[in-house]
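Each chain gets a letter, A, B and so on, in the order its sequence line appears, and its residues count up from 1.
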Amino acid sequence: MDKTPIIVISGPTASGKTSLSIDIAKEYNAEIVSADSMQIYKHLDIGTAKPDMKERDGIIHHMIDIIDPDENFSVAEYVEMAHDIIKDIREKNKNAVIVGGTGLYINSLVDDIDFRKDDSDENLREELNKICEEKGIDYLWKMLEKIDPVSAQRLHKNNTRRIIRAIEFYKMTGIPISKHQEETKKKVSRYDPCMIAIKWDMDKLYERIEKRVDIMIKNGLENEVRNLCEKGYTKSMLSMQGIGYKEMTDYIYGSCSLEEAVEKIKIGTRHYAKRQMTWFRRDNRIHWIDYRENILERATEILKENGYKTNNT
RNA sequence: GCCUUUGUAGCUCAGUCGGUAGAGCAAGGGACUGAAAAUCCCUGUGUCGGCGGUUCGAUUCCACCCGAAGGCA
């Protein structure tokens, strides 16, 4: 079976993914599929650095603004929708450019990981959370050790979230999540990705983050979050836990000053960029482009080596 | 000018009844298969402001100097 070629642009925040992706989309007759866990939300624009229509410059963007801020979303849904979109794009004889910084989304899509329909249940998860509060995480960890010792060994006892997910998976499917993970690793992906990312010196990247956050403030992040709060969206929602949103909410409700909130946004974004780097660093399929190079030119070379042709060639 | 408080890790500060020091934050590294902008793990030597004195030994006590904050003139 022929694999579907896809162009993937990943990397840390503020590395220049968006503008590179649009340039590439123009040259390669492509549509863009975002892989960003926050840009999927409507009304979260400034803080997520969502490209506006002018920036998109006529290029079709998918997986942006697809749900309301009070809705939950997950990788499983992401992957399911993205597969269909890519299929449609290909049927139009266009290229698909996947762009985003959410490593889990990128890898789940590119590696074509299976998410079963029946292995998740929010009520059960809530129930387990309650048990954790009452009896402590040790109790849950021991429970997991009995049903899935492999996962129990792998998971640190403080990582409540993952422990609960592992138990949840077993209760829903009757098989240990560790076993499921091993099986899905063997699966051959339907995609043939050409992966590109822009590499920055961290201090340079941090400078960009600093500037970018200042611009967000200038562009009215406070107002954006105020509107969200007025619409009734609260910090308990996933969307409002995004960097920039949770800190601004704290400021709006008076638990810190604006300066403190801005500083926290900068720190949070730095931490995020660092985590993204540890995620992407280990993927040896990625072609890293140094920020000092002519990025589009270099990307074009890489794509050419991988059999992609521009509109002009 | 005098009095008081203060000077310890990039920052905020503990501490050593004299045996050369430790937290939080920052920073660095790592993990990651249905919350992932989330969640979690690992990493702490720094002229203890300067110069002397006492002492076997001073960051700790004493004197002086320099810097900071406050008070009195």
Side-chain angles (χ1 to χ4, degrees), chain A residues 10 12-14 34-41 44 47-50 67 69 71-81 100-122 124-126 128-129 132 137 141 148 150-151 153-169 172-173 175-187 189 202-203 206 209 212-213 216 235-248 260 263-283:
Chain A
S10 63
T13 11
S34 165
D36 186 302
S37 65
M38 284 293 144
Q39 290 185 2
I40 57 161
Y41 289 108
L44 275 70
T48 63
K50 199 182 279 172
I67 58 171
E71 290 180 276
N72 286 343
F73 196 72
S74 74
V75 219
E77 288 157 278
Y78 174 77
V79 163
E80 195 188 348
M81 293 170 82
T102 305
L104 180 66
Y105 286 13
I106 300 239
N107 281 27
S108 300
L109 180 67
V110 167
D111 298 333
D112 202 359
I113 286 169
D114 266 331
F115 294 97
R116 308 168 44 137
K117 295 247 178 220
D118 60 349
D119 71 5
S120 180
D121 182 70
E122 288 202 23
L124 175 58
R125 201 178 287 182
E126 234 169 82
L128 289 168
N129 264 312
C132 182
I137 188 62
W141 190 85
D148 183 357
V150 178
S151 290
Q153 277 313 307
R154 277 209 272 256
L155 295 174
H156 193 276
K157 286 183 190 175
N158 290 346
N159 209 340
T160 313
R161 200 169 275 197
R162 294 258 166 78
I163 290 171
I164 287 177
R165 164 94 265 255
I167 296 171
E168 177 193 356
F169 186 94
M172 294 301 292
T173 64
I175 57 170
I177 196 169
S178 55
K179 200 174 168 225
H180 170 252
Q181 286 167 351
E182 267 147 43
E183 274 166 17
T184 188
K185 259 182 203 158
K186 290 180 202 152
K187 189 186 161 190
S189 173
M202 282 317 255
D203 54 340
Y206 287 175
I209 287 170
R212 186 200 253 207
V213 172
M216 283 177 182
K235 252 183 110 178
S236 67
M237 297 164 188
L238 255 50
S239 59
M240 295 299 269
Q241 281 162 27
I243 299 165
Y245 295 90
K246 52 178 177 236
E247 297 86 352
M248 270 298 165
E260 282 168 332
E263 196 47 41
K264 277 188 212 156
I265 293 170
K266 287 175 180 172
I267 292 166
T269 310
R270 262 184 269 151
H271 287 169
Y272 175 47
K274 196 160 139 24
R275 264 179 280 132
Q276 287 175 305
M277 281 309 293
T278 64
W279 181 288
F280 293 121
R281 248 192 301 248
R282 69 176 175 178
D283 195 329

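- In this structure A/Glu80 satisfies the side-chain hydrogen bond (donor to acceptor under 3.5 Å, both in side chains) test together with A/Lys117, sequence neighbours excluded.
- Base contact: A/Lys117 has a heavy atom under 4.0 Å from a base atom.
- Shown here are the side-chain hydrogen bond (donor to acceptor under 3.5 Å, both in side chains) partners of A/Tyr272, two or more places apart in sequence or in another chain: A/Gln276.
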When you check every protein heavy atom under 4.0 Å of nucleotides 26-31 of chain B, what one-letter string (B, S, -) results, 5' to 3'?
SSBBBB
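- For A/Lys185, the salt bridge (Lys or Arg N to Asp or Glu O under 4.0 Å) test picks out no residue, with sequence neighbours left out.
- Contacts of A/Leu155 with the nucleic acid, taken as non-hydrogen atoms under 4.0 Å apart, are absent.
- A/Asn158 comes within 4.0 angstrom of sugar-phosphate atoms only, judged by non-hydrogen atoms across all strands, and of no base.
- Within the 4.0 angstrom heavy-atom criterion, no nucleotide atom of any strand lies near A/Asp121.
- The stretch residues 105-114 of chain A touches RNA chain B through A/Tyr105, A/Ile113, each having a heavy atom under 4.0 angstrom from the strand.
- Under the side-chain contact (heavy atoms from CB on, under 4.5 Å) criterion, A/Met81 pairs with A/Met63, A/Ile66, A/Phe73, not counting sequence neighbours.
- In this view, A/Phe169 and A/His180 satisfy the ring-ring contact (aromatic ring centres under 6.0 Å, His included) rule, not counting sequence neighbours.
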State the dot-bracket string of RNA chain B. Criteria: Watson-Crick or G-U wobble, both atom distances under 3.5 angstrom; notation: ( ) intrastrand, [ ] crossing earlier pairs, | interstrand, . unpaired.
(((((((..((((.....[..)))).(((((.......))))).....((.((..]....)).))))))))).
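- Under the salt bridge (Lys or Arg N to Asp or Glu O under 4.0 Å) criterion, A/Asp111 pairs with A/Arg285, not counting sequence neighbours.
- Within the nucleic acid shown, A/Asp36 comes within 4.0 Å of at least one base atom, counting heavy atoms only.
- Considering only residues two or more places apart in sequence or on other chains, A/Asn72 meets the side-chain contact (heavy atoms from CB on, under 4.5 Å) condition with A/Glu122, A/Leu238.
- Remark: the backbone N or O of A/Val150 is not paired with any side-chain donor or acceptor of A/Gln153 at under 3.5 angstrom.
- The side-chain hydrogen bond (donor to acceptor under 3.5 Å, both in side chains) check on A/Ser108 picks up nothing, with sequence neighbours excluded.
- Residues that satisfy the side-chain hydrogen bond (donor to acceptor under 3.5 Å, both in side chains) test with A/Lys50, not counting sequence neighbours, are A/Asp45, A/Asp65.
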